[in-house]
Amino acid sequence: MKKPSNPLLLIAVCAVCILILILAIRILSGAIHLVSGAFNTVLGIVVILALIAIVIWMFAYAKKKK
């Protein structure tokens, strides 16, 4: 491989590679946060539905025992 004649070119190429790597890491991090937020939303909805089911079951049980 031929040696680069201009050290500024080498520095610029290294800087661009580092910036691309940082951008890829940030995009991946954002995707992970998005999936995590969606999972937390679904989990919250499931918990609320479970609480509603428990309350309905309690009222049905109390109605039977009356």
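Since the model is a prediction, treat every value here as computed from it, not as a measurement.
Qualifying side-chain contact (heavy atoms from CB on, under 4.5 Å) partners for I18, counting only residues two or more places apart in sequence or in other chains: I22.
Residues Y61 and M58 share a hydrophobic cluster, clusters being chains of Ile/Leu/Val/Met/Phe/Trp/Tyr side chains in contact below 4.5 Å.
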With a 3.5 Å cut-off and sequence neighbours excluded, list the donor-acceptor pairs that the side chains of residues 36-45 form with protein atoms.
unit_1: N40; atom_1: ND2; unit_2: S36; atom_2: O; d: 3.4
unit_1: T41; atom_1: OG1; unit_2: G37; atom_2: O; d: 2.9

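To the nearest 0.5 angstrom, L21 atom CG is 11.5 Å from R26 atom CZ. Distance CG/L51 to CD1/I56: 11.0 Å, rounded to 0.5 Å.
Side-chain contact check for L10 versus N6: every heavy-atom pair is 4.5 Å or farther apart.
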